[in-house]
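Remarks on the structure that follows.
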Number of protein chains: 2
Amino acid sequence: MYLCVMYSSELVKGTLKTIVLKLLSETEKMYGYEITQKVKELTDSKIVITEGALYPLLHQLEAEGVVTTEIVNIGKRVRKYYTLTQAGNERAKEKLYEFADFINTMNILLDLKPTIKYV
Amino acid sequence: MYLCVMYSSELVKGTLKTIVLKLLSETEKMYGYEITQKVKELTDSKIVITEGALYPLLHQLEAEGVVTTEIVNIGKRVRKYYTLTQAGNERAKEKLYEFADFINTMNILLDLKPTIKYV
DNA sequence: TGCATATACATAATATTCTTATGTATCTTT
DNA sequence: AAAGATACATAAGAATATTATGTATATGCA
C-alpha cells in the first residue's frame, strides 16, 4: 500500500479533452490505453485517466469528426488508433490556447506569480 | 447584446471552491453576491460565477465547518457574510497549493511555460 | 504451469458539480 | 413607474467524471 498523491478530481475533470487533444496533436496516432499510460508517465502518476472517462470521450470525438480511427490487430488482440482530423488539429490549438488563457486569468485571480525559468 | 468571451464551463468547474476560499482568505468576510461581482471584476467577465453554483457551495462549506456565517440587515434586506474558520484557512492554503502544483503539472504535460510558484 | 499482473477494449450505474430556470423581495436609477 | 441591480434560495436537468463490471489476450515469475 502506497500513498498516491493525486489531485482532487474536480480539478482534473475539465482538462481531459485538452490533454487528449494535445497528445494526439503531437503524436500522429495513439490508442486509448497508450494515452492513459503516457499521461501517467508524464505526470508522475499525479494525473491518472480512467478508462471509464477516456473511452466515452474518444467515441464522442470521433462522432464529432475530430478524430478518425483505425483498428489494428496485434497478435489476437485489437488496438484502436486515433488520429486527429484537420478540424481536430484546429480544435486542439483552440483548446490549448483557451487553457493557457485560463491559467493566466486564474493566476491573476489567485495572485500566483509566474517565475522565470532558466534552463 | 454583446459578445462575452468566457471559458468553456468544464474548465472553470473544478476551480470554484479554490476561488471562493482564496477570496475569503484575503478579505476576512464576504457575502455571496459580493463574491460573484469580485470574480467578474477581477477576471474581466471571463469567469462568471452563477448563483446556482455559489450558494450551494457556500452552504456546503458551512456544513463542513470551513466557514461561519453572520447575517446582517441592510435596510430591509439581508446579507449573509461568510468568514473562514481556522480550519478554513488551512483548507484555503491547501487548495491554493494544490492548484499551483496542478498548473505546473499541466504545463509539463501540455508543454506550456512558464511555471507557477506558490509562495 | 499456473496465477497475478499488464494490456486493451467497452459499457452501465452512480456521483458530483455545474447550468438554467424559477421564486421572492428590496433598492436604485432613469 | 419600470427596468435593472442587489440579495438570498432551491429545483430540474445536463455534463462529465468515478466506480464497478465484463470480456479477452499477453506476459512475467515463482
Side-chain angles (χ1 to χ4, degrees), chain A residues 1-2 4 6-21 29-41 45 47-64 66-67 69-82 95 99 102, chain B residues 1-2 4 6-21 29-41 45-64 67 69-82 95 99 102:
Chain A
M1 186 172 175
Y2 80 107
C4 183
M6 285 174 54
Y7 302 115
S8 61
S9 68
E10 321 136 32
L11 265 188
V12 187
K13 248 181 190 181
T15 57
L16 179 57
K17 196 182 286 181
T18 306
I19 293 171
V20 169
L21 290 176
K29 66 176 180 177
M30 293 181 86
Y31 54 100
Y33 186 77
E34 187 185 8
I35 293 175
T36 66
Q37 297 309 300
K38 191 77 182 172
V39 170
K40 208 171 174 178
E41 175 201 328
S45 291
I47 297 179
V48 174
I49 294 182
T50 61
E51 294 168 300
L54 180 62
Y55 290 120
L57 172 64
L58 289 173
H59 300 162
Q60 182 201 310
L61 292 176
E62 188 181 10
E64 289 170 1
V66 173
V67 295
T69 61
E70 177 194 353
I71 290 177
V72 175
N73 292 304
I74 306 291
K76 285 182 182 175
R77 257 196 320 215
V78 180
R79 259 186 211 163
K80 199 167 172 184
Y81 278 96
Y82 291 84
K95 270 296 188 184
F99 188 77
F102 175 66
Chain B
M1 187 170 173
Y2 79 106
C4 183
M6 284 172 56
Y7 302 114
S8 61
S9 66
E10 319 136 31
L11 267 187
V12 187
K13 247 181 190 182
T15 57
L16 180 57
K17 196 182 284 182
T18 306
I19 293 171
V20 168
L21 289 177
K29 65 176 181 178
M30 294 182 85
Y31 55 99
Y33 187 76
E34 188 185 9
I35 293 175
T36 66
Q37 297 310 299
K38 191 77 182 173
V39 170
K40 209 171 174 178
E41 178 201 327
S45 291
K46 285 180 175 178
I47 297 178
V48 175
I49 294 181
T50 61
E51 294 167 302
L54 180 62
Y55 289 122
L57 171 64
L58 288 173
H59 300 162
Q60 182 201 312
L61 291 176
E62 188 181 10
E64 289 171 0
V67 295
T69 62
E70 178 193 353
I71 290 176
V72 176
N73 292 304
I74 307 291
K76 284 181 182 175
R77 257 195 323 212
V78 179
R79 257 186 212 164
K80 199 168 172 182
Y81 278 96
Y82 291 84
K95 270 295 188 185
F99 188 76
F102 174 66

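The shortest distance between side-chain heavy atoms of V72(A) and V78(A) does not fall below 4.5 Å.
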Using a 3.5 Å cut-off and no angle test, enumerate the donor-acceptor pairs between side-chain atoms of residues 57-64 of chain B and protein atoms at least two apart in sequence or in another chain.
{"from": "H59(B)", "atom 1": "ND1", "to": "Y55(B)", "atom 2": "O", "distance (Å)": "3.3"}
{"from": "Q60(B)", "atom 1": "NE2", "to": "E64(B)", "atom 2": "OE2", "distance (Å)": "3.0"}
{"from": "E62(B)", "atom 1": "OE2", "to": "T69(B)", "atom 2": "OG1", "distance (Å)": "2.9"}

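Taking atom CD1 of residue I19(A) and atom P of nucleotide dA17(D), one finds them 10 Å apart after rounding to whole Å. Atom-to-atom, OH of Y33(B) to P of dT26(C) comes out at 17 Å; the value is rounded to the nearest Å. Whole-Å rounding puts the I71(A) CD1 to dA8(C) P distance at 14 Å. Summarising the geometry, the separation between CZ on R79(B) and P on dA9(D) is reported as 14 Å, rounded to the nearest angstrom. Spacing between atom CD1 of I49(A) and atom C1' of dT16(D) amounts to 13 Å, rounded to whole angstrom units. One can place CD of E34(B) at 14 Å from C1' of dC8(D), the figure rounded to the nearest angstrom. As rounded to whole Å, 17 Å separates atom C1' of dT7(C) from atom NZ of K38(A). Rounding to whole angstrom units, NZ of residue K80(A) and P of dT11(C) are separated by 8 Å.
The OG1 atom of T36(B) sits 9.0 Å away from the CD atom of E34(B) when rounded to the nearest 0.5 Å.
Of the listed nucleotides (dA10(C), dA6(C), dC8(D)), dA10(C) has the atom at the smallest distance from the side chain of E51(A).
Listed by chain and residue number, E70(A), Y81(A), T83(A) satisfy the side chain to side chain contact (heavy atoms under 4.5 Å, CB included) test with K29(A) (two or more places apart in sequence, or in another chain). Annotation: ring pair (Phe, Tyr, Trp, His ring centres under 6.0 Å) contacts of F102(A) (sequence neighbours excluded): Y7(B). Contacts of K40(A) classified as side chain to side chain contact (heavy atoms under 4.5 Å, CB included), with partners at least two apart in sequence or in another chain: Q37(A), S45(A), V48(A).
Each of V20(A), I19(A), T18(A) was evaluated against K95(A); a single residue qualifies, T18(A), per the side chain to side chain contact (heavy atoms under 4.5 Å, CB included) test.
The phosphate of dA8(C) (OP1 or OP2) has a side-chain N or O of Y31(A) nearer than 4.0 angstrom. Distances shown here put every side-chain N or O of K17(B) at or beyond 4.0 Å from the OP1 or OP2 atom of dT17(C). Using a 4.0 Å cut-off, no side-chain N or O of K13(A) falls inside it from OP1 or OP2 of dA15(D).
Where Q37(B) and T50(A) meet DNA chain D, the nucleotide closest to each residue was compared, and Q37(B) sits on the side nearer the 5' end.
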Atom pairs under 3.5 Å, N or O on each side, protein against nucleotides 27-30 of chain C: can you list them with distances?
{"from": "dC27(C)", "atom 1": "OP1", "to": "K76(B)", "atom 2": "N", "distance (Å)": "2.9"}

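V39(A) and I47(A) make their closest contact through CG1-O, 3.5 Å (heavy atoms, listed as atom of the first residue, atom of the second, distance). K80(A) and Y31(A) make their closest contact through O-CB, 3.2 Å (heavy atoms, listed as atom of the first residue, atom of the second, distance).
Residues from residues 52-62 of chain A lying near DNA chain D, meaning a heavy-atom separation below 4.0 Å, are G52(A), A53(A) in numerical order.
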